[in-house]
Amino acid sequence: MPYVTEVDLAHPTEDSADAWWRDAVVYQVYPRSFADSDGDGVGDLAGIRDKLGYLELLGVDAIWLSPVMRSPMADHGYDVADPRDIDPLFGDLADFDALVAEAHEREIRVTMDLVPNHTSDQHAWFAEALAASPGSPARARYYFRDGRGEGGTEPPNNWRSMFGGPAWTRVTEPDGSLGQWYLHLFASEQPDLNWDNPEVSDDLARTLRFWLDRGIDGFRIDVAHGLAKPDQLPDMAHNDESELLDSAEGDPRFDQDGVHEIHRNIRKVLDEYPGSVAVGEVWVDDDERFGDYVRPDELHLAFNFRLVQADFDATAIREAIDHSIRAVGRVGATPTWTLSNHDVDREVTRYGGGAVGRDRARAMALVKLALPGVAFLYNGSELGLPNADLPDEALRDPMWERSGHTERGRDACRIPLPWEGTEPPFGFTDGKSAPWLPIPTDWSGLTVESQLEDLDSTLTLYRSALELRAKHPEFSGAEIEWYGSPSECLAFRRAGGVICALNASAEPISLPPGTLVLASAPLIDGKLAPNAAAWLV
Ligand code: GLC
């Protein structure tokens, strides 16, 4: 391979079997957009199973499936109507079992999303709550409150939904009168569960066991920082529309102290299944408060989104890394690294788009994969996919409607994957139905097929990086040591010995001493190019 020097470093790293995740590369599959086996234009479980060979070739340790449970799809599966069944759009439990079994044969672990903060408005519990009267036990599983003002016409407090508009919707009572309001931090089809109600935690424990008994290796816990709500549901001090998934200090909707008891209970169930793992979605900036989520008796891991939030700027990246390591170091937990997921702009686009954005995304892939801890990789990152420009009529994210067409939402980062061929749908589906989001016609150079044999492709870069990372003891050690480096650049060394250098400046820079093992771009006269990173040992 052009930018790889073969060095003999083949000593597999030691790790305890139960903590397999400590240095894992976890690949996020967004099932709607991964691969469609039945021609309806939406990806499914059999499609994922068909592509396991690809994931094995890529070299990932585990997959994380965004929700595949029964759902009316108001938020594409993050509105769950039955947490212990598979949505027919994706297949059935037999397809799920077959996927898990085949993944395991290929030594790929399978983790899945769980959505404990809310249910779908089509969940049996919510239907019961609507049919019941104010103050009833059925309503106590959710947050039903009387409205404020005369006749209760104002929402119970001033909270905003993360998707825009008020976080409360008024219901019509069984007798036909306008009645109480219910809380939904997201879409109105996603009523928030009341985690003070023991039925809610008992039900989640049942769900955890249901999937663990089927052989699942762990869970991603959706909105892990939002499960507990403060007593009395006080008003927000500032209720301007907040950025989706931003973490606001002092925001009463998130990061309440009560959330930790919930995570301790989740952990107790997982401890009955050695080798299982829980990773929480935790949008909390404060390092100490973030670390609290991964104390030894809480979640194993939490997504740290600082790299997602950092610009392509050496100082910002270094700060993001320092914070992420420090936040978990205090409690002896493992750091996690994420450049993108199904909620945020793809890194190629975030870093400026076009060739520059792609180069920077490649460089940051090497930075991420050199760091100690768990690396999450969103499907399509390994192909260097950018966000797509979508016409208004193609938009499907509930944010678009809820924001009154001011927020375009997250569809642009959820485009189906291009697998092969020269025109849409690029093998994603067999063409009987259009893909659920249109795939740009100019993605033929980004398909798996076109990149697989191309030594300069982003896919080849990822494959090389994952292979080096998995096989070489240089990628061991929880600590990193920063090297002095030219301005707008950074370099660090893992305890095991690998050195990663990043050039975020406009000029080529000299590499630190060592043997080059991989670079994200060809060297320029022996120097590291701008917008490039390299690994040395
Ligand atoms: C999480 C998910 C996001 C979803 C929201 C509501 O943030 O990642 O996609 O819309 O929760 O469940």
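As the structure lists them, so they are numbered: ligands from 1, and atoms in each ligand from 1. Quick note: residue numbers are just sequence positions, from 1.
Between W419 and F34, a ring centre-to-centre spacing shorter than 6.0 Å is recorded.
Near H342, meaning under 4.0 Å from any of its heavy atoms, are these atoms of ligand 1: 2 (C), 3 (C), 8 (O), 9 (O). Distances below 4.0 Å separate heavy atoms of V223 from the following atoms of ligand 1: 11 (O). In the vicinity of H118, heavy-atom distances shorter than 4.0 Å reach the ligand 1 atoms 6 (C), 12 (O). If you number the atoms of ligand 1 from 1 as listed, the ones under 4.0 Å from a heavy atom of Q190 come out as 6 (C), 12 (O).
A donor and an acceptor atom, one from each side chain of D217 and H104, are located under 3.5 Å apart. There is no side-chain donor-acceptor pair under 3.5 Å between Y182 and S188. For the residue pair S71 and D87, no side-chain donor N or O sits within less than 3.5 Å of a side-chain acceptor on the partner.
The heavy atom nearest to atom 7 (O) of ligand 1, considering only R410, R414, E281, M162, is found in E281.
The proximity of Y30 to ligand 1, defined as any non-hydrogen pair under 4.0 Å, does not occur for either the backbone or the side chain.
Each of F303, W21, Y378 was evaluated against W64; a single residue qualifies, F303, per the ring pair (Phe, Tyr, Trp, His ring centres under 6.0 Å) test.
By the 4.0 Å heavy-atom criterion, R220 is counted among the residues contacting ligand 1. Residue contact annotation: W283 has no non-hydrogen atom under 4.0 Å from ligand 1.
Note on ring orientation: taking the six-membered ring where Trp is involved, the planes of H263 and Y293 are tilted (angle from 30° to 60°).
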